[in-house]
*Asks:* 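Below is the structure I would like to discuss, written out as structure tokens.
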There are 2 protein chains.
Amino acid sequence: METNSWANKTFNETKASSESLLKELRLPTIRRFPKYLRVLWDLSSLGRDFVSSDKIANELNIDPITVRKDLAFTGVIGKPRIGYSIPLLINGIEQLIQSNGQTNILLIGAGNLGRALLGYGGLEKHGYNIVAAFDSDLNKVGTTIHNKQVYNIEQLTEITEKVNIEIGVLCIPEDVAQKTATFLVKAGIKAIWNFTNTELKVPEHVTVLSEDLASSLAVLSVNMKRNSNKKAKEE
Amino acid sequence: METNSWANKTFNETKASSESLLKELRLPTIRRFPKYLRVLWDLSSLGRDFVSSDKIANELNIDPITVRKDLAFTGVIGKPRIGYSIPLLINGIEQLIQSNGQTNILLIGAGNLGRALLGYGGLEKHGYNIVAAFDSDLNKVGTTIHNKQVYNIEQLTEITEKVNIEIGVLCIPEDVAQKTATFLVKAGIKAIWNFTNTELKVPEHVTVLSEDLASSLAVLSVNMKRNSNKKAKEE
DNA sequence: TATTTATCGATATCAAAATATCGATAAATA
DNA sequence: TATTTATCGATATTTTGATATCGATAAATA
């Protein structure tokens, strides 16, 4: 049997193996996928059908070898001198990182950050459905933000009993973060996207992803110091 | 000369060596520092003076060995059976990740995300000074948000000529991101905190830190799939 | 049709990060 | 005072991630 045969895998094989590939996916690769998608969407809208790993790497300022390794997870086979099929890549990446079927989301906390997230189209683009937003501020309750109804936080149980919610997005003050998380877990939620600076304690089976601006700021800060040290030495 | 001698370094030695330690700091370590700070501040406010690596590790759900290695960068020496001095650790970490002196910041784009960031106290806590916000929406111009004046984006040059700005925070639509970044670079900015989904092209000496919600969402998505696969197999 | 060349993908190497091991030590306890 | 124990920090190992090398191949070109 030959080892290096191009373009023999069918689309169905790709799809069938996606579950096992999922296990092998590493964090840095997953983080790069949406960046690839952005480049691919752009090229696609320009009417291009194929793209090389070099081209993608250039756009994103990363190494082409990294790109090829990452793209290998989609199961899409590139052709020498041509590159990869853009539609197949888009499909392949989406298979890996998008939700399967309808996934319902609640957003808790309709402050500025919450509003910003309601305006961010990414959730819908990835196959998620924002069901509603919640807030304790009665001035906000009853309004709609980006077409989403804002409910009183007291009505949370009411809604979670009626609709199957899989993800909760927490944009609330720290002091109520753990309490709310615990409530959501009891309501059967599967994942929490945590925009508070609290380390949430949840059971094993609940996926938590925390955003931490302070961590980012620390990185920015250190990088700046390094850069200025560098410049100081040059002078 | 003995190798394992506790508590002999003075505070001044710690400070003097901070520049060289800066080089050795790795990204994951830098990202964890603010998390350590949060735990340390909490303990400090409870009146505690010492803490063990195990305690910190437990709070943050990470490995105590990782904690000890990270804390070694502060130059603070822990004592067996006692742990580390909390005030010294706080000071040590702050030395590494905070700005030196007064660092001026401009925030470009006073939409929901921009407003959320103006409300986020982290920048001030790290020694940064938000000078002003800018927007193109004339309804916002002239107002103040969290005590920061909102100027017309047209006035950007005016301000950058008057005040030395080191960091620009971009919370603006994608289509004007590169243009604005280029402008800021010309105005002599040192770093950009980029909340748009654009890969900014800037010169070497400018530090860029990009936040990418889509990358985070991809991680959340894949983790959820893995968790549900896991559960499916258990059943 | 033969040669050149861009590009892939497999394998190998190198670097970074996480984790494990273990002796040293100082407080607590017997 | 002797022994036990919690905890540190140095060093070693393993895992993960990035980068380099190179043969295979198919389109482009001579």
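Just so we're on the same page: letters track the sequence lines, and every chain starts at 1.
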*Asks:* Which residues satisfy the side-chain hydrogen bond (donor to acceptor under 3.5 Å, both in side chains) test with B/Gln178, sequence neighbours excluded?
*Replies:*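 Scan of B/Gln178 (side-chain hydrogen bond (donor to acceptor under 3.5 Å, both in side chains), adjacent residues dropped) gives B/Thr182.
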*Asks:* Pull out every residue in residues 32-57 of chain B that has a heavy atom closer than 4.0 Å to any atom of DNA chain D, ordered by number, or say none.
*Replies:*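 Nucleic-acid contacts, sorted: B/Ser52, B/Ser53.
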*Asks:* Rounding to a whole Å, what distance do you find between B/Leu25:CG and C/dA17:C1'?
*Replies:*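 Distance check: B/Leu25 CG to C/dA17 C1' gives 14 Å.
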*Asks:* Rounded to whole angstrom units, what separation is found between the CZ atom of A/Phe73 and the C1' atom of C/dA10?
*Replies:*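 In whole Å, C/dA10 C1' and A/Phe73 CZ are 14 Å from each other.
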*Asks:* Quick one: list whatever passes side-chain hydrogen bond (donor to acceptor under 3.5 Å, both in side chains) with A/Thr29, sequence neighbours left out.
*Replies:*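 A/Thr29 satisfies side-chain hydrogen bond (donor to acceptor under 3.5 Å, both in side chains) with A/Asp70 once adjacent residues are dropped.
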*Asks:* Under the rule for salt bridge (Lys or Arg N to Asp or Glu O under 4.0 Å), what residues qualify as partners of B/Glu124, not counting sequence neighbours?
*Replies:*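 B/Glu124 satisfies salt bridge (Lys or Arg N to Asp or Glu O under 4.0 Å) with B/Lys148 once adjacent residues are dropped.
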*Asks:* On DNA chain D, compare the nucleotides closest to B/Gly83 and A/Asp70; which residue's is nearer the 5' end?
*Replies:*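 Counting from the 5' end, the first nearest nucleotide belongs to B/Gly83.
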*Asks:* Could you pull out all donor-acceptor pairs under 3.5 Å where a side-chain atom in residues 209-216 of chain A meets a protein atom, sequence neighbours excluded?
*Replies:*
from	atom 1	to	atom 2	distance (Å)
A/Ser210	OG	A/Asn194	ND2	3.1
A/Glu211	OE1	B/Ser216	OG	3.4
A/Glu211	OE2	A/Trp193	NE1	2.8
A/Glu211	OE2	B/Ser216	OG	2.9
A/Asp212	OD1	A/Ala214	N	3.0
A/Asp212	OD1	A/Ser215	N	3.3
A/Asp212	OD1	B/Arg38	NH2	2.8
A/Asp212	OD2	A/Ser215	OG	3.2
A/Asp212	OD2	B/Lys35	NZ	2.9
A/Asp212	OD2	B/Arg38	NH1	3.4
A/Asp212	OD2	B/Arg38	NH2	3.0
A/Ser215	OG	B/Arg31	O	2.7
A/Ser216	OG	B/Glu211	OE1	3.4
A/Ser216	OG	B/Glu211	OE2	2.8

*Asks:* Using OP1 and OP2 only, check whether a side-chain N or O of A/Tyr84 sits under 4.0 Å from C/dA6.
*Replies:*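 For C/dA6, OP1/OP2 do not have a side-chain N/O of A/Tyr84 under 4.0 Å.
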*Asks:* Under 3.5 Å, which donor-acceptor pairs link side chains of residues 42-49 of chain A to any protein atom two or more places apart or in another chain?
*Replies:*
from	atom 1	to	atom 2	distance (Å)
A/Ser45	OG	A/Asp42	O	2.7
A/Arg48	NH2	A/Phe50	O	3.1

*Asks:* Among the nucleotides D/dT19, C/dT19, C/dA17, which one has an atom lying closest to any side-chain atom of A/Lys69?
*Replies:*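 For A/Lys69, the side-chain atoms sit closest to D/dT19.
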*Asks:* Under 3.5 Å, side-chain donor or acceptor atoms of residues 53-68 of chain B against the rest of the protein: list the pairs with distances, not counting sequence neighbours.
*Replies:*
from	atom 1	to	atom 2	distance (Å)
B/Ser53	OG	B/Arg68	NH1	3.1
B/Asp63	OD1	B/Ile65	N	2.7

*Asks:* Round to a whole Å and report the spacing from CG of B/Leu71 to P of D/dT7.
*Replies:*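 Taking atom P of D/dT7 as the reference, CG of B/Leu71 is at 14 Å.
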*Asks:* Under 4.0 Å, counting only non-hydrogen atoms across every strand here, what does B/Arg68 touch: a base, just sugar-phosphate, or nothing?
*Replies:*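 The residue B/Arg68 makes base contact.
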*Asks:* List the residues meeting side-chain contact (heavy atoms from CB on, under 4.5 Å) with B/Ala218, not counting sequence neighbours, and say none if there are none.
*Replies:*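 side-chain contact (heavy atoms from CB on, under 4.5 Å) check on B/Ala218 returns A/Ile30, A/Pro34, A/Ile97.
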*Asks:* What is the distance, rounded to the nearest whole Å, between atom CD1 of A/Ile77 and atom P of C/dC8?
*Replies:*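 About 12 Å, once rounded to whole Å.
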*Asks:* Whole-Å distance between D/dA24 C1' and A/Lys79 NZ?
*Replies:*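 So the two atoms are 16 Å apart, to the nearest Å.
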*Asks:* Could you tell me which residues satisfy side-chain hydrogen bond (donor to acceptor under 3.5 Å, both in side chains) with B/Asn223, sequence neighbours excluded, listed by chain and number?
*Replies:*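 So B/Asn223 forms no side-chain hydrogen bond (donor to acceptor under 3.5 Å, both in side chains) with any residue.
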*Asks:* Please report, rounded to the nearest Å, how far the C1' atom of D/dG17 is from the CG atom of A/Leu27.
*Replies:*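 One finds 11 Å between C1' of D/dG17 and CG of A/Leu27, rounded.
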*Asks:* Return the value, rounded to whole Å, for the distance between atom CG of B/Asn58 and atom P of D/dA6.
*Replies:*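 Going from CG in B/Asn58 over to P in D/dA6 covers 14 Å.
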*Asks:* What nucleotide among C/dC8, C/dA26, C/dA17 has an atom nearest to a side-chain atom of B/Pro28?
*Replies:*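 Among C/dC8, C/dA26, C/dA17, the one nearest the side chain of B/Pro28 is C/dA17.
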*Asks:* Expressed as a whole number of angstroms, how long is the span from B/Asp63:CG to D/dG9:P?
*Replies:*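 Taking CG of B/Asp63 and P of D/dG9, I get 15 Å after rounding.
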*Asks:* Which residues pass the side-chain contact (heavy atoms from CB on, under 4.5 Å) test with B/Glu174, sequence neighbours left out?
*Replies:*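 B/Glu174 satisfies side-chain contact (heavy atoms from CB on, under 4.5 Å) with B/Asn197, B/Thr198 once adjacent residues are dropped.
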*Asks:* Less than 4.5 Å apart, any side-chain heavy atom of B/Leu71 and any of B/Leu89?
*Replies:*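 Yes, their side chains come closer than 4.5 Å.
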*Asks:* Could you tell me whether the side chain of B/Ile165 reaches within less than 4.5 Å of the side chain of B/Ile105, counting heavy atoms only?
*Replies:*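 No; the side chains remain at least 4.5 Å from each other.
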*Asks:* Okay, side chain of A/Ser99, backbone of A/Gly127: is any donor-acceptor separation there less than 3.5 Å?
*Replies:*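 Checked: pair present.
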*Asks:* Under 3.5 Å for both pairing distances: what stems, at least three Watson-Crick or G-U pairs long, include DNA chain D?
*Replies:*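 So far as stems of 3 or more pairs are concerned, DNA chain D shows C:1-30 with D:1-30.
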*Asks:* N/O contacts under 3.5 Å, protein versus nucleotides 28-30 of chain C?
*Replies:*
none

